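First the structure, in the form of structure tokens, and then the observations on it.
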Amino acid sequence: MAANYLSRLSSSLEKPYLLCRNPSQNPLSFHPKTLQKPSFPHKPSSSNPFSHTHKSPFVISSKNPISDVINTSKAYPDNQSIDYDDDDKPREECGVVGIYGDPEASRLCYLALHALQHRGQEGAGIVSVHNNILQSFTGIGLVSEVFSESKLDQLPGDLAIGHVRYSTAGASMLKNVQPFVAGYRFGSVGVAHNGNLVNYRSLRAELEDNGSIFNTGSDTEVVLHLIAISKERPFSQRIVEACEKLKGAYSMVFLTEDKLVAVRDPFGFRPLVMGRRSNGAVVFASETCALDLIEATYEREVYPGEVLVVDKDGIQSFCLMPHPEPKSCIFEHIYFALPSSVVFGRSVYESRRTFGEILATEAPVDCDVVIAVPDSGVVAALGYAAKAGVAFQQGLIRSHYVGRTFIEPSQKIRDFGVKLKLSPVRAVLEGKRVVVVDDSIVRGTTSSKIVRLLKEAGAKEVHMRIASPPIIGSCYYGVDTPSSEELISNRMSVEEIRQFIGSDSLAFLPLDSLTKLLGSDSPNYCYACFSGKYPVNPEELKVKRVG
């Protein structure tokens, strides 16, 4: 089906895009013809070994003023879906995509969302613009479950945004699936958001006191209300005024009847990149893997604190507000992003491979074989094995066919969930001293089951190596992590954790080794989950639900 989509893509635009990047003179002024170097000082370092080398009236096609939601897949009750895939991991945040200037915009969004599926599996949605109408389809489930050929046929136009969701704010239900669409006095607007607003509750309370009515439990809806009450002109300045009130993480794409706008918060917590297709179409996406799939060439990141406006006049860039030192999420390189992506100017694959090499250097152990907890531990395990001079083998085989729901056995089977997901290979493990590499330990429950599984399969010794520092703090910037009481590294020493999971040895990636690897870019990353030091105080969200 992908080939059919791509074969029908148009290869022409009426007008080439001009890149304006001169926000220093006036942060709210546009310079359509200016091609000067942008005044965003925190760009990816080229000297880094992991650097990448490469007014008409609006009409809303919905009876619902916030979201045009059409459920095209089986709806699972809130908090009732069963998913043993990475059940003891931080949950991916969300993924966003925006496309301007391609007649197959909605289909390209569909493909790009497939590439970003790892960032959220609970719901997906696309909004497109056709004849000044914002058309929307959203649904619960995977991208392939939500959309079909016939539904994409109902989303014509050359401008579209899309979203894949894992709930970090707002319950997992259909009305919270993005993109959101709203009508207000100046027309209509759609938004897709990756991140989490730490001052969401106070903003919502203030808006409700002034008469705003909320339709969802998502923090993203606050942004729409702030835009609606703004009196600024043009639309981009309403976004600026709204974002000046926001605290926390937000990489967002907006669309109106004739504009696509990308915004990244001043700290740059969550990734957002820009690319271009051969026909001139402009693409924004959470990761470069989405650009690769739809044959868009990576150009650069959206800089922290930057607003990019794309319309018929080209691309205009200006500063959202004075921005501090960036604090990009280091967990994108540890776990969230695909290894094929370039995130924050670094190859994710090279980062993870080097994490494994550091573990082999700083925490060596006599072993016969190196294996990984698939899939997120594979690249670090390859690095460990290469540095240690020990063979890497597939000692655990992951099932890719575990559905959202399944029938549990009437008789209790120990470690049922892990056995459903991972199958040990006895021929690799039996009688061997095994190093098993994983990306992180959160609660420790899955790690203990994996160790037991390996020993039951005949492993003589099991040595756990974790390609991240110990997680001691919850994330409040768009990642769903347990409460601090549930984080095993916040409650136990490394030796106590080793005893809890039953391994013969245990070692984590040292935090100082991680920062040393990042070199001069080290201050530009957020390590709050490892240090407990938060760049933006999450005072409204300090208490996380346990369980």
Side-chain angles (χ1 to χ4, degrees), residues 86-90 330-331 334-335 352-388 390 392-393 395-396 415 418 421-422 424 428-429 432-473 481-482 484-515 517 527 529-532:
D86 300 324
D87 60 334
D88 192 23
K89 298 291 182 185
I330 190 60
F331 235 90
I334 291 170
Y335 177 62
R352 291 180 188 171
R353 183 178 175 88
T354 306
F355 297 160
E357 292 174 352
I358 292 173
L359 282 171
T361 301
E362 301 200 14
V365 65
D366 291 334
C367 63
D368 303 307
V369 65
V370 177
I371 69 170
V373 177
D375 292 320
S376 54
V378 169
V379 179
L382 288 169
Y384 187 103
K387 193 71 173 180
V390 179
F392 169 82
Q393 296 196 48
L396 289 168
D415 303 338
V418 170
K421 183 180 77 168
L422 300 173
V428 172
L429 303 168
K432 303 289 181 60
R433 298 168 298 174
V434 179
V435 166
V436 55
V437 181
D438 203 356
D439 61 90
S440 60
I441 294 181
V442 181
R443 295 184 180 92
T445 52
T446 297
S447 298
S448 65
K449 294 173 183 177
I450 288 173
V451 170
R452 186 158 60 235
L453 204 63
L454 296 173
K455 292 195 171 183
E456 288 175 353
K460 181 180 178 181
E461 298 174 5
V462 176
H463 303 274
M464 288 287 293
R465 295 295 180 266
I466 308 302
S468 71
I471 301 174
I472 65 169
T481 49
S484 58
E485 291 82 2
E486 294 178 279
L487 297 171
I488 192 169
S489 293
N490 192 45
R491 297 183 287 109
M492 299 183 184
S493 67
V494 174
E495 174 58 21
E496 288 171 333
I497 298 172
R498 184 200 68 77
Q499 294 177 19
F500 176 83
I501 67 177
S503 61
D504 294 277
S505 72
L506 170 66
F508 291 84
L509 180 70
L511 180 56
D512 59 351
S513 297
L514 174 59
T515 56
L517 168 67
Y527 310 100
C529 54
F530 306 137
S531 66

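Everything numeric here is computed off the predicted structure, so don't read it as measured data. Side-chain atoms are counted along with the backbone in the values below, which use heavy atoms only and exclude waters and symmetry mates. We're numbering straight along the sequence, starting at 1.
The side-chain heavy atoms of Ile371 and Leu454, taken from C-beta on, include a pair separated by under 4.5 Å. Contact annotation: the side chain of Phe392 approaches that of Val378 to within less than 4.5 Å [non-hydrogen atoms, C-beta and beyond]. In this structure, Phe530 and Ile471 have side chains that are in contact, with non-hydrogen atoms separated by less than 4.5 Å. Using a 4.5 Å heavy-atom threshold, the side chains of Pro482 and Leu487 count as touching. Looking only at side-chain heavy atoms (C-beta outward), Phe508 and Ile497 come within less than 4.5 Å of each other. You'll find the side chain of Ile441 stays beyond 4.5 Å of the side chain of Ser489, heavy atoms only. In this structure the side chain of Phe355 never reaches within 4.5 angstrom of the side chain of Val379, judged on heavy atoms.
Between Ala459 and Val434, the shortest heavy-atom distance links the atoms CB-CG2, 4.0 Å. Shortest non-hydrogen contact noted between Ala380 and Val437 is CB-CG1, 3.8 Å. Closest of all the heavy-atom pairs between Ser503 and Ser505 is OG-O, 3.0 Å. Heavy-atom minimum distance, Gly395 versus Val428: CA-CG1, 4.0 Å. Between Pro424 and Leu429, the shortest heavy-atom contact is CB-CD1, 3.8 Å. Closest non-hydrogen pair, Asn490 versus Ser484, comes out as ND2-O, 3.2 Å.
Atom OG1 of Thr361 and atom OH of Tyr384 lie 9.0 Å apart (nearest 0.5 Å). Considering CD of Gln499 and OG of Ser493, their distance stands at 7.5 Å, rounded to 0.5 Å. A distance of 8.5 Å separates CG in Asp438 from OG in Ser468, rounded to the nearest 0.5 Å. Taking CD from Glu357 and CG from Leu382, the interatomic distance works out to 10.5 Å, rounded to the nearest 0.5 Å. Here the OG1 atom belonging to Thr354 is positioned 10.5 Å from the CG atom belonging to Leu509, to the nearest 0.5 angstrom. Put simply, CD1 on Ile466 and OG on Ser447 are 5.5 Å apart, with the number rounded to the nearest 0.5 Å.
Heavy-atom contacts from other residues, nucleotides or ligands closer than 6.0 Å to CG of Asp512 number more than 12.
Evaluated for a side-chain contact (heavy atoms from CB on, under 4.5 Å) with Asp368, the options Gln393, Lys460, Lys432, Glu461 yield exactly one hit, Lys432. Among Lys455, Arg498, Arg433, the single residue meeting the salt bridge (Lys or Arg N to Asp or Glu O under 4.0 Å) criterion with Asp504 is Lys455.
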Stepwise side chain to side chain contact (heavy atoms under 4.5 Å, CB included) check, Thr481 with Val442: CA-CA 8 Å; Thr481 49; Val442 181; 5.8 Å; no
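With hydrogens and angles ignored, the 3.5 Å screen pairs no side-chain donor or acceptor of Arg465 with any backbone N or O of Val435.
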